[in-house]
Each structure stands twice: as structure tokens, then as C-alpha cells.
Amino acid sequence: MKDFSHLLAKVNGRATASVIRELLKMTSVPGMISFAGGMPAPDLFPAEEIGEIVKDVIVKEPNIALQYGCTEGESGFKAELIKLLKADEDIEVTPDELIVTSASQQALDIVGKAFVDPGDAIIVGKPTYLGALQAFETYGADMIGVDSDDFGITAESLEEKLEALKKEGRVCKFIYIVPDFQNPTGTTIPTERRVKILELAKKYGTVILEDSPYRKIRFKGEHQKTFYALDKGEGNVITMFTFSKTFVPGFRLGYIIANKEIIRKFAILKQAMDLCSSPVCQAITAEYLRQGRLENHIKKLVKVYSEKREAMLNALEKYMPQGVTWTKPEGGLFLWVVLPENIDAEKMFITAVKNNVAYVIGSAFYPDKSGKNTLRLNFSYASFEQIEEGIKRLGKAIKEYKA
């Protein structure tokens, strides 16, 4: 076979495979209990309700559902999204301040393409969402990590990094934040801290990229205002939403809200990517929203995921050896485990697989690949029985680990 590697673009040298996707290949064996993916529970998909809607949508509006669509999103779907934002978040946007995407991963890719030239500085949390690191790395971003605590990234660390960039004569292109039930830690930034972070973004002339996939999946506590709502339409925040966690991931639908000039730039870039997100999936989801079914569906998710979270927390208390700690998220799909410093979660992964249990290594979520003694667990996908048995196996693997 001929080697054409010398013909490939430099971007291929920057692009890396998803750690999660690669790990999932290793865990698809009989008897394996995997806490590695971030997948919703398939038994909770509203399949029958979707089935009821599909035929009507296709028969009544084939010219919309089955035809090429508008790059910015179908007008009927966008109208429902605008109503949803007003009802749930008290956010008012116009159609030209919103673009539909093929879920949040395309949104991340569009932002990276629009803002980042090789070597440009962006700020991310330590740790932060692996898919975002992967997207931004592709465009050659210099990803600068800021410290986090039990309530997300700290304003003090953020200001320190922004000030250092300013002294170097560099500009921070954006600050990437998952403020609600963060992936991977499950932490949520309090509103008071969000205000401080927003003030810093304004002070240093950058924008906040707010990624909000899990916001609606809250089990306890009070909702915090979005950065977008706190900004009050001043244009300092770009916010991304997705239906992958709250509806069905297979439709690959998400959307971005931002000022109309930014949305226009995104639309031009999206034209070259896919022309449009699936019109039929937009039409089905629009009708689902129009019928008011999403709220009840999310209530079911919250009930079941809350119970699974409790099951995992109880199992961790029962089976984890001394010196292991973990977060107790108020919502979302994940929790974060910190092992004693002498344990390398990547090296321990082999031991875990031998015990038929899998997780995601924590270092994958750090821009500098630190956090060697951490790992992420997902509690939404596994059954209650698998959660109990899987955590028991994980505890055994930790006890068996030898550096």
C-alpha cells in the first residue's frame, strides 16, 4: 500500500483520537461493566412518543422534513427553541442570534474554527471536557489551564492567567467553561462566582464560551443563572446547548446563542461543514417541544438518574479503600474520583479491565495531562445492579494496584 502521509495537512499532526472512544473499544467484551461513556440510559428514550410524531411530520411536511434545510436551522424549530429559552432561562434571543448545530461537538468545532489560529491562547479548566480539548487542539490552540475547586474554576486562578497573558502581550481568545454539573467533575459554579468570572472576561477583553449540556438534569439544590443571562445581552458570552443528554443523542441536535454578527460567522463556517443539520430531526424535535412533552421526559430522567447517583455514592462508601475521595454532584451524569497520589489511574486501568470494570482516566481531561491519580465515572447508563457490582470491582482493582 502506498504511503501518502507526506500529502496530509499539518492538522493531522495536531488531531488526536478520543481517549473515551478508544477505551470503549477495549471494554466491549462480555461481562465488562463500563462507567466510561457519557451515554444516556437507552431504556429512557421516548421512543413511542417519537414514533407517534415521526409519521405526522413526514406526511404533513415532506417539503420541510425531507428536503435540504437552512444552514442556520429550520424556522419552526428555532421558534420553539426561542420559546424554550424564554420559559426556562428568561433569555430573550431573536432568530438571527441562534444557530442550530449537529449537537455540541459541532458547536465546539465551529467555535474553534472561528476563533483559533495556531498558537492562540484560550483558557480552560483543570480538568475540563475532553471533547472540547480535542476540538481546540485540532486548531492548534495554546490551552492554558486554570485551577478548580469544589465549585468549578476559581476566579483567582483565572485572573492570574489573564494577567500573565496581558503582560506577555497576548490575548485570550475565549474562556471555555462547563458551569453546571461539569464534565468530568460534576461541579457547579455558584452565581456569585459566575458574576466575578464574567467581570474578569470584560476586564481583559475576552469572551466566555459557556457549554451547557447537563443544566436541566438537576437532582437537588437551586438553579444558578447562566452566564448568558447574567451578561444581559451585552455580547460577552457565547452559549451552547444540546438535546443529546435531555432528549436523544441519535438526533445530533444542539444550538448556539450569541450576538448576530458572531452567529453569521458561524453560519458561513457551517455551510462548508454540512450545509445544514438534519431537517427531519429538527422537525420531529420541534413538534415534540410544541406538544409540551420535553418537561415530563426530563422529570423521568431526573428521577432515575438521581436514584442511580445515590446508588453509586452508596457503593463508593461501601467499597472504596481509605484515601479515595469523590464528588457528590447535584445533577448531571458524572462524578469524579481522586485516588491517593501514589496511584496512576492510567496504569491501574489494565488492572481494572482484568476485573471487568472500566472508567475514563482523569489525565485525559487536563490540557497538560496532569491529574494522574483521578478518574471519571458515569452513573446514567449502567443498571443499578451493574453500579453495585462495578464499584465493588473498582474497589478491588484499587486495592490490587501496584505502582
Side-chain angles (χ1 to χ4, degrees), residues 18-20 22-24 26-27 31-38 124-130 133 143 145-154 156-157 178 181-189 308-382 386-403:
S18 166
V19 173
I20 296 175
E22 294 302 308
L23 289 178
L24 287 175
M26 298 176 61
T27 61
M32 181 67 67
I33 296 175
S34 178
F35 300 126
V124 300
K126 293 195 303 184
T128 197
Y129 173 48
L130 170 59
L133 296 180
M143 292 180 283
V146 298
D147 295 334
S148 302
D149 60 17
D150 292 341
F151 300 98
I153 67 169
T154 68
E156 294 77 15
S157 181
V178 185
F181 322 124
Q182 192 228 29
N183 180 357
T185 62
T187 56
T188 296
I189 302 176
K308 287 188 174 185
R309 166 196 176 272
E310 288 301 313
M312 184 168 281
L313 290 175
N314 290 336
L316 287 166
E317 289 283 357
K318 188 187 300 185
Y319 298 114
M320 287 299 105
Q322 189 173 1
V324 179
T325 61
W326 52 88
T327 56
K328 298 178 180 179
E330 294 184 337
L333 309 183
F334 309 103
L335 57 81
W336 186 244
V337 176
V338 179
L339 305 170
E341 290 189 5
N342 66 308
I343 298 180
D344 186 322
E346 185 171 358
K347 293 179 180 178
M348 191 183 78
F349 187 77
I350 303 302
T351 305
V353 169
K354 289 179 180 177
N355 282 279
N356 281 332
V357 64
Y359 53 81
V360 181
I361 57 174
S363 59
F365 299 94
Y366 286 80
D368 58 3
K369 306 305 177 188
S370 58
K372 297 290 187 182
N373 64 320
T374 61
L375 57 94
R376 189 196 75 179
L377 300 176
N378 165 260
F379 52 77
S380 61
Y381 184 76
Q386 288 173 327
I387 289 172
E388 175 78 14
E389 178 60 26
I391 297 301
K392 181 179 179 180
R393 294 177 187 179
L394 180 60
K396 183 173 181 288
I398 295 171
K399 291 171 186 174
E400 290 176 355
Y401 173 81
K402 294 181 182 179

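All values derive from a computational prediction rather than experimental measurement.
Closest of all the heavy-atom pairs between A36 and S34 is N-OG, 3.1 Å. Closest of all the heavy-atom pairs between L375 and M348 is CD2-CE, 4.1 Å. The two residues V178 and N183 come nearest to each other via the heavy atoms CG1-N, 4.1 Å. Minimum heavy-atom separation, K126 to G145: CG-CA, 3.5 Å. Closest heavy-atom contact between M143 and V124: CB-CG2, 4.4 Å. Closest of all the heavy-atom pairs between L333 and N378 is O-ND2, 3.1 Å.
Taken from OG1 in T128 to CG in L133, the straight-line distance is 6.0 Å, to the nearest 0.5 Å. Atom CZ of residue F349 and atom CD1 of residue I361 lie 8.0 Å apart, to the nearest 0.5 angstrom. Taking CZ from F35 and CZ from F379, the interatomic distance works out to 11.5 Å, rounded to the nearest 0.5 Å. We find the CE-CZ distance between M312 and F334 to be 11.0 Å, quoted to the nearest 0.5 Å. From I153, atom CD1 reaches atom OG1 of T187 across 10.0 Å, with rounding to the nearest 0.5 Å. Between the OG1 atom of T351 and the NZ atom of K399 there is a distance of 14.5 Å, given to the nearest 0.5 Å.
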(request) Assess whether side-chain contact (heavy atoms from CB on, under 4.5 Å) is satisfied between Y359 and R376, documenting all intermediate values. (result) CA-CA 6 Å; Y359 53 81; R376 189 196 75 179; over 6 Å; no
(message) side-chain contact (heavy atoms from CB on, under 4.5 Å), that's the test. Do L313 and E317 meet it? Break it down for me.
(response) CA-CA 6 Å; L313 290 175; E317 289 283 357; 5.7 Å; no
(request) Might you work through the side-chain contact (heavy atoms from CB on, under 4.5 Å) test for K347 and K372, ending with a clear yes or no? (result) CA-CA 9 Å; K347 293 179 180 178; K372 297 290 187 182; over 6 Å; no
(request) Begin from the C-alpha positions of Y319 and E388 and carry the test side-chain contact (heavy atoms from CB on, under 4.5 Å) through to its verdict. (result) CA-CA 9 Å; Y319 298 114; E388 175 78 14; 2.7 Å; yes
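Residues P127 and T185 have side chains in contact (heavy-atom distance under 4.5 Å, counting atoms from C-beta outward). Considering only heavy atoms from C-beta on, L377 comes within 4.5 Å of L394 through its side chain. Taking the side chain as every heavy atom from C-beta outward, T374 and Y366 approach each other to under 4.5 Å. With a 4.5 Å cut-off on side-chain heavy atoms, N373 and V338 count as touching.
Partner of L316 under the side-chain contact (heavy atoms from CB on, under 4.5 Å) criterion, out of I387, V324, L335: L335 alone. With N355 as reference, E400 is the one residue of E400, K392, R393 to meet the side-chain hydrogen bond (donor to acceptor under 3.5 Å, both in side chains) rule.
A 6.0 Å sphere centred on CD of E389 holds more than 12 heavy atoms belonging to other residues, nucleotides or ligands.
Ring geometry for W336 against F365 counts as perpendicular: the plane angle is over 60°, on a 0 to 90° scale with 30° as the lower cut.
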